[in-house]
Amino acid sequence: MASVSSQPQFRYTQPPSKVLHLRNLPWECTEEELIELGKPFGKVVNTKCNVGANRNQAFIEFADLNQAIAMISYYASSSEPAQVRGKTVYLQYSNRQEIVNNKTTADIAGNVLLVTIEGQDARLVSIDVLHLVFSAFGFVHKITTFEKTAGFQALVQFSDAETATSAKNALDGRIIPRYLLSENISPCTLRITYSAHTDLSVKFQSHRSRDYTNPYLPVAPSAIDGSNQFNLGVDGKKLEPESNVLLASIENMQYAVTLDVLHMVFSAFGPVQKIAMFDKNGALQALIQYPDVQTAIVAKEALEGHCIYDGGFCKLHLSYSRHTDLSIKVNNDRSRDYTIPNPAMVNPQPSVLGQQPVQTMGHQYNGTQYAPGRQQQQPTMPPQPSAGWGSSAVPPMPQHMMNNHNPYIPPASMPQMTQGMMQMPGQGGIPPFRPTHICPDSYCCQGDMIEQLMIPPQPSAGCGASAVPAIGVNTDK
DNA sequence: AGCACA
C-alpha cells in the first residue's frame, strides 16, 4: 500500500523510487521509446505512457531502486538532457513505488477500438459518420454505440489489429472533420483506445449498431419506424423540428414532376394546402404545406425515400421546412394555393421573373445520372406537358406502389424481406410492395384526373383498394 | 512541464 505522498511535488523533494515520472514527452510517446530511454540504466520492468490530459507524461519502473537512482543521477549531471524524438523530457522520482495496472486492455492492440466521442454535441454524431471516418483505414466490420459515464462511445471493429492500429494512430485525439457534421454541431474529438473485444455482437441494424458484414441481419424496428432518417448519414440525428410544411427534394428526376403529381402524391395523407416548387442547385425542390404537423409527419414517414415513378425515378427526400405558412403569390405551374377556391382570383399580377413557360414542363429530363438502358421500367406513356389545374393532363404514371429505397438502411444490409422491394415489376411476380397510397378522405381518389393518374401497373393498388394503411410501408416486415 | 482512476 504505497500511499500517495501528500507533500507538494517539487523537484528534488521526492524520495527515491524505482518508478520515475517523466513529463514533456512528445505526444503519444510509445512504450518502446520509454524502454529505450531507461534501458542503459537497468532493467525496465514496467512502463506507462500517455499519462495525463495531454498524454505527454509517463512512468518507467525499474527492477531495482538503484537503477532508477542511476538514471536520475546521470541526467542530473549530464550536459545532454534526456530526450525522446529530440524533445527534452524531465525526470523525477515518482511519488509511487510501483506502476499499477499498466497493461489495461486499452494498451493491448486489438482489432476493436473503443472510441469516445468528446464534445458538447457528441451524441449527435451518427453511426454513419463514424463509419465514414473509420472506413478510411479499412473495412469496418461492425460498429456499436452506447452511452456510459465516459460519455458517448462506440466500438469499431476492424479485420485485424494492424488496421485498427492505423486508424487509432491517425484518429486518436483528432476531431471529426467539420464537413461531416452539421454546421450547428460543435467540434467532436475522438479518444481511441483498444477494446478487449474481438468480435462484436450486433443483433440488429439500427441507429445504434451496424454489422456491415451481414446483409441479412434484421433491421431493428426502431430503425424502420423512425422517419426522417435519410439525412443521418451526414447530419447526425434529426435536428429539424417537425413542421406542417415539408421540404421535398427529388432525386433522379428522369421525368418531370409536376405540381399536380406532387399534389396527388401528398394528398394521400391529408389535404394539401399549398405547394411551391423551385429550383435549388439545378434540382427540383418543393414545399408542401399541410394544415397540421401530424399530417406532415405521417406523409414524411410514408414517403421518405420512395420513388414517384417506378424504376427508381424521382425519388423523394423529405425534411421538415422551417416554414409554417407558405406565401403563394401566384398560382401557376410551380406554385399553388389550394385553399383558395378559385385559382384565378389569386393571380393579382402577371407572371414575373422566374416563371417558366408551361411548355418547358413535362419534358423528359436529360438525366445524366440515370440512363434507362433497358426498357424494363420506363413509363410507357410519354410525359405530357403539364397543363394547369384541373385539366386532363396526364403526368406519367405516378406510382402509388412506391418502391422503397430507404437510404437509411445500407443497401447491402437490406434483409431478405426487402428483396422484393428491389424487384423490377418488369420481372413480373407479386407487386413488390404494399401500396403506400390510401384514400383517407374524399380529397383523394375522386375525379377524372386522379383516375387517370392512377393507371395502375399493379391493379390491386390504390384508390379502389380499401384496406392498406398508408404507412404500410414501414410496417411491412 | 509537475503523478496514473484503467
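What's counted below: heavy atoms across the whole structure, side chains too, no hydrogens, waters or symmetry copies. Quick note on labels: first sequence line is chain A, next is B, and so on, each numbered from 1.
Side-chain nitrogen and oxygen atoms of Gln92(A) include none within less than 4.0 Å of the OP1 or OP2 phosphate oxygen of dG2(B). Look at Arg23(A) and you won't find any side-chain N or O under 4.0 angstrom from OP1 or OP2 of dC3(B).
To the nearest angstrom, P of dA1(B) lies 6 Å from NZ of Lys87(A). One can place CD1 of Ile60(A) at 17 Å from P of dA4(B), the figure rounded to the nearest angstrom. Rounded to a whole Å, the CG atom of Asn54(A) is 7 Å from the P atom of dG2(B). The interatomic distance linking His21(A) (NE2) with dA4(B) (C1') rounds to 8 Å, in whole Å. We find that CZ of Arg191(A) is positioned 13 Å from P of dC5(B), with the value rounded to whole Å. Between the CZ atom of Arg55(A) and the C1' atom of dA6(B) there is a distance of 12 Å, rounded to whole Å. One can place OH of Tyr90(A) at 15 Å from P of dC3(B), the figure rounded to the nearest angstrom. Rounding to whole angstrom units, CG of residue Leu20(A) and P of dA1(B) are separated by 19 Å.
Each side-chain hydrogen bond (donor to acceptor under 3.5 Å, both in side chains) pair with one or both residues in residues 154-171 of chain A, not counting sequence neighbours, appears once here: His141(A)-Ser159(A), Gln157(A)-Asp199(A), Asp160(A)-Thr163(A), Thr165(A)-Tyr194(A).
By the 5.5 angstrom centroid cut-off and the 30-degree plane limit, Phe59(A) is classified as stacked against the base of dA4(B).
Counting only heavy atoms from C-beta on, Asn24(A) has its side chain closest to dA1(B) among dG2(B), dA4(B), dA1(B).
Tyr93(A) comes within contact range of at least one nucleobase, with a heavy-atom separation under 4.0 Å.
For Asn50(A), there are no side-chain hydrogen bond (donor to acceptor under 3.5 Å, both in side chains) partners, not counting sequence neighbours.
In summary, the side chains of Gln285(A) and Ser249(A) do not present any donor paired with an acceptor at a separation below 3.5 Å, with no hydrogens or angles considered.
Aromatic rings of Phe139(A) and Phe134(A) (six-membered ring for Trp) have centroids beyond the 6.0 Å cut-off, not under it.
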